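Below is one structure, written out as C-alpha cells; the observations come after it.
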Amino acid sequence: MDVIYSSIQAMSILEMHNRPSKHTIHIRVNHYNSRTCALKFTESASTYQAFDGMPVSADSLVWNNVIQTHLGNLNYNKAVTTYQEMLTRGIRPNRHTLPRILSVSRLSGSLSLGKQLHCQAMKLGVCNDIYVTGSLIELYGHLDGVDAAKWMLDNSEKKTSSAVSWTLLAKLYMKQNKPTFAIDLFNEMVESGAEVDAVSLTTAISACILVKSLITGRNIHDTARKHGLELDVLVSNSLVKMYMECGSIKDARDLFDKMPSRDAISWTSIIQGYVKNGEINEGLKLFRKMVNDDKIKPDAVSVSTILPACARMAAHKNGRELHGYLIRNKIPTNLKLNNALIDMYAKSGNLEYSSTIFSRTKSKDIISWTVMIMGYSLHGKGDLGLDLFKKVPKSDTDEISYVTALHACCTSLKVEKGLHYFNCINSPNLVHYSLMAALLARAGKLDDAKAFAKKHGVEKHPEVLRALIDGCRIHKKITTGKRLVEQLCDSEPLNADNYVLMSNWYAQNGGKQKQKQEMVDRWRETIRDMDLKPKIAYSWIEFRNKVHVFKTGDVSHPRSERIYWELESLMKNFEKIEGDFSFHDVDEERECVPIGHSELLAVCFGLISTKSGSAVRVTKNLRVCRSCHEAVKCISKVVGREIILKDPNRFHHFKNGGCSCQDFY
DNA sequence: CTAGGGTTAG
C-alpha cells in the first residue's frame with residue numbers, strides 16, 4: 001500500500017514539474033557492434049561525468065517504483081520520461097533502476113536506448129549486479145541476437161553470474177530452436193560450479209524434450225538427484241513430461257508415484273502423456289484419481305489439454321464426463337475451453353451438443369466458427385457448414401477458415417462455390433490447393449482438377465496426387481488412377497502406405513483373378529524388401545467408460561468368440577439381401593482376412609454389448625475399406641440401428657442401408 | 001522494490 005501511495009505521490013510531483021529541463025543530458029547513440037560496444041562505451045566514458053556528481057540518494061526508491069508502475073502498465077514512453085527526469089534532477093540511478101529501465105528498452109524494441117543504458121550501467125558501477133547482467137542478456141538476446149547475449153554472459157564476472165543468467169541465455173537458444181545449445185550451456189554451467197537450481201534444471205529438461213533425447217534427459221535427471229532437487233515439484237514435473245515425450249512411460253510413472261506432492265501441472269502432464277500414447281483409459285483413470293484422491297481441482301487449462309485427446313480418439317463419453325465435471329464444479333470456462341468442447345463433441349460424433357454449445361457461446365472468435373463448420377462438414381453436412389460460413393464476419397476470416405469452407409464445398413460437391421471461395425484466399429497454401437483438386441476430382445471433373453494442379457504448380461505433390469486418386473477411385477478411372485498411384489510412389493518412395501494403395505488398386509481393379517493376385521503379391525514383396533512398415537489398422541469403441549481396441553483379425557478380446565459368431569450370422573443376412581455380396585480378398589489394410597476387419601469387429605462388439613435401438617459409435621485410424629463400407633450399410637438395415645463410424649477423414653452415419661457420405665468417401 | 005518456471009482450441 002505504501003509503495004502504491006508513494007508512487008502516486010511521486011507521479012503527481014513529476015507531473016507538476018513536467019516541463020523541459022535546461023540541462024537535459026545528451027546521450028550519444030552508439031552504433032557499434034554489440035561485441036565491441038562495451039569497450040567503446042568505456043572509451044567514451046568521459047561523456048558521462050555527470051553521474052559522478054550525483055549523490056546516492058534514498059529518493060531512488062520512489063523513482064524506481066514510478067518506473068516500475070509505468071512498466072507494469074506497459075507505458076514505456078512514460079517510463080523513459082521518468083528515467084530522464086530522474087537524471088535531470090540529479091537522482092542517481094542504482095542497481096534497482098537499471099534492470100527496470102533496461103526491460104523498458106527491450107520491450108519497446110529500442111536497442112539504441114539499451115546500449116546507452118548499458119553504458120550508463122558501467123559508468124554507475126552496477127554492471128556486475130546479477131539483475132543488471134540478467135536484463136542486459138535479455139536485452140541483447142531479444143534485440144541483437146543470441147550471440148550478443150552469449151558475449152554478455154561470457155564477459156560478466158563469473159562469480160556474480162547466477163543460474164538465472166545462464167537460464168535466460170538457455171531460454172534464448174530454445175526460442176531460436178537450438179535446444180542442443182541450451183543443453184550444452186547447462187552442462188557448461190554445472191561444470192563452472194555455478195549453483196544449479198530448479199528453474200535451470202527445468203529449462204534444460206525442456207530442451208531435452210525438444211530434442212527427444214532420453215539419454216540426455218537421464219543425465220540431467222542424475223544432476224538433479226545430485227543436487228537434491230529430483231523431487232522438487234518443478235523439476236519432477238518437467239522430468240515426468242520428458243520421460244513421456246521421450247517414450248518411457250515407465251520412468252515417468254515411477255517418478256510421478258514417488259513425488260511427495262503433486263500439483264495440477266503434475267497431473268495434467270502425466271495424463272496428457274498417457275493420452276498421447278493412446279492410453280486414454282489410463283488417462284481418464286488418473287483424471288478421476290486427481291479429482292477424488294488428491295483433491296486437486298483441474299482448471300480450464302488442464303481440462304482443455306485433455307479434451308483434444310478425447311476429440312482425436314472420438315471418445316465421446318469421456319469428453320462428456322469432463323464436460324460434466326466442469327459444469328458440476330462450476331469451473332469458469334473460457335473461449336478456448338468452449339471451442340475445445342465444440343470441437344470435441346463434433347469430432348466424437350455428437351453434432352447436436354456441438355451446435356448447442358456453439359450457439360450459447362456469446363463472443364465467438366474465428367476458431368469457434370472454424371471448428372463448428374468443420375464439424376458439419378466432417379458429418380457430411382457441407383451445406384449447413386456453408387450456410388454458417390456465410391455468417392462469419394468477413395474481417396474475421398483467415399486462411400484456416402477457408403480450409404473449412406473448401407472442405408464443406410467438398411462434402412457437398414459445390415464446385416462453383418469452391419472456386420469462388422478459393423479466389424477469396426489471399427495466399428492459398430497446399431491445403432487449399434489439395435482441397436480444390438479434391439473437389440474438382442470428386443465432382444468428376446478430373447481434367448479440370450489436373451489442369452488446376454498444374455496451373456498452380458502442385459501437380460506432383462503427394463497430397464494433391466492423393467486427392468486426384470480419390471476422384472479416380474470414385475469415378476472408376478482405373479488406368480489414370482493407376483498412373484497417379486505410380487507417381488505417388490515415385491514422389492514418396494519411403495511411405496509404405498503408398499504401396500499398400502498400389503496393391504489395393506490392383507486388388508480392386510486388376511482384371512483377372514490370377515494376374516491380379518500376382519500384382520498384389522509383388523507389391524507386398526516390395527514393401528517387405530524395402531523394410532517399410534505400413535500403418536496398422538485398428539478400430540475402437542467406448543463401452544462402460546472404457547475404450548475397447550480391435551486390430552484386424554483380433555481374437556484377444558474376451559468376447560471374441562461371440563463377436564465372430566455375430567459377424568458370421570450377419571454375413572448370412574447380407575447374402576440374402578444383397579445377393580452377390582462378397583468381400584475383397586485384399587483391402588486397404590494389407591491383411592488378407594476376409595472377415596474380421598477391425599471396424600466390423602468393433603461394430604459387432606457394439607451391437608452385442610449395447611441395448612437394441614441405440615446408436616453404435618466406432619472409430620477407425622485408417623480409412624474404411626469399400627467392402628466394409630458396404631457391409632456396415634447392410635448391417636444398419638438388418639439390425640435397424642444407426643451406426644456411426646469415424647475414419648480419419650469423415651464420419652459415416654449408416655442408417656437403414658445408406659450412408660451419410662453417399663459413397664463419396 | 002526486481003529477472004528465469006507449464007501454455008490450453010481450428
Side-chain angles (χ1 to χ4, degrees), chain A residues 2-4 6-7 58 60-69 71-72 94-103 106 126 129-139 141 162-172 174 182 197-206 209 232-235 237-238 240-242 263-269 272 298-312 333-344 346-347 357 361 364-375 377-378 396-405 407 431:
Chain A
D2 285 343
V3 172
I4 296 168
S6 58
S7 301
S60 308
L61 177 78
V62 178
W63 288 81
N64 293 345
N65 280 331
V66 179
I67 295 174
Q68 175 77 27
T69 309
L71 178 59
N94 60 12
R95 64 194 173 86
H96 294 290
T97 322
L98 266 298
R100 291 174 166 99
I101 193 68
L102 279 166
S103 300
R106 168 170 59 86
V126 297
D129 178 80
I130 49 171
Y131 288 93
V132 177
T133 310
S135 34
L136 281 167
I137 288 173
E138 284 244 272
L139 171 88
S162 67
V164 178
S165 305
W166 292 89
T167 311
L168 285 170
L169 187 56
K171 277 261 134 191
L172 287 167
M174 288 173 49
D197 67 358
V199 184
S200 55
L201 280 161
T202 304
T203 310
I205 296 162
S206 46
I209 295 175
D232 176 279
V233 74
L234 215 67
V235 175
N237 279 355
S238 44
V240 165
K241 192 165 173 209
M242 182 276 295
D263 60 8
I265 298 168
S266 333
W267 284 98
T268 309
S269 52
Q272 212 180 6
D299 56 1
V301 175
S302 48
V303 173
S304 47
T305 58
I306 312 169
L307 275 177
C310 298
R312 265 195 301 280
T333 61
N334 55 33
L335 188 57
K336 281 182 183 178
L337 182 54
N338 249 356
N339 291 343
L341 282 167
I342 299 170
D343 194 42
M344 180 277 293
K347 293 221 173 92
I357 301 172
T361 304
K364 302 174 176 62
D365 65 0
I366 187 59
I367 295 173
S368 328
W369 293 95
T370 308
V371 291
M372 194 65 239
I373 296 168
M374 197 60 187
S377 193
L378 283 172
D396 283 2
T397 55
D398 62 2
E399 284 169 16
I400 303 175
S401 59
Y402 276 109
V403 168
T404 63
H407 197 278
V431 183

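All heavy atoms count here, side chains included; hydrogens, waters and symmetry mates do not. No experiment lies behind these values; they were computed from the predicted model shown.
Taking atom CG of A/Asp232 as the reference point, atom P of B/dG4 lies 17 Å away to the nearest angstrom. Between A/Ile400 atom CD1 and B/dG10 atom C1' the separation is 6 Å, expressed in whole Å. Protein atom CG of A/Asp365 is 15 Å distant from nucleotide atom P of B/dT8, rounded to whole Å. Rounded to an integer number of Å, the gap from CE of A/Met174 to C1' of B/dG6 is 11 Å. Per the geometry, CG belonging to A/Leu378 stands 11 Å off C1' belonging to B/dG10, to the nearest Å. Distance A/Asn334 CG to B/dG10 P: 14 Å, rounded to the nearest Å. As rounded to whole Å, 12 Å separates atom P of B/dG6 from atom CG of A/Leu201. Straight-line distance from the CE atom of A/Met374 to the P atom of B/dG10: 11 Å, rounded to whole Å.
When distances are taken from the side chain of A/Ser162 to each of B/dA3, B/dA9, B/dC1, the shortest belongs to B/dA3. Closest contact between the side chain of A/Ser200 and the listed nucleotides B/dA9, B/dT2, B/dG4 involves B/dG4.
In this structure, A/Ser401 reaches the bases: a heavy-atom distance under 4.0 Å links it to at least one base atom across the strands shown. Within the 4.0 angstrom heavy-atom criterion, no nucleotide atom of any strand lies near A/Asn237. Within the nucleic acid shown, A/Asp197 comes within 4.0 Å of at least one base atom, counting heavy atoms only. Contacts of A/Pro308 with the nucleic acid, taken as non-hydrogen atoms under 4.0 Å apart, involve only primed sugar atoms and P, OP1 or OP2. Residue-level contact check: A/Ile265 touches the bases, meaning some heavy atom is under 4.0 Å from a base atom. Counting any heavy atom pair closer than 4.0 Å across all strands shown, A/Val199 reaches a base atom. Nucleic acid contact for A/Thr202: sugar-phosphate only, since backbone atoms but no base atoms lie under 4.0 Å from a heavy atom of the residue.
Using a distance-only test at 3.5 Å, with no hydrogens or angles considered, no donor-acceptor pair links the side chain of A/Ser401 to the main chain of A/Thr397. A/Ser377 places no side-chain N or O within donor-acceptor distance of the main-chain N or O of A/Ile373, the cut-off being under 3.5 Å.
Residues passing the ring-ring contact (aromatic ring centres under 6.0 Å, His included) test with A/Tyr131, sequence neighbours excluded: none.
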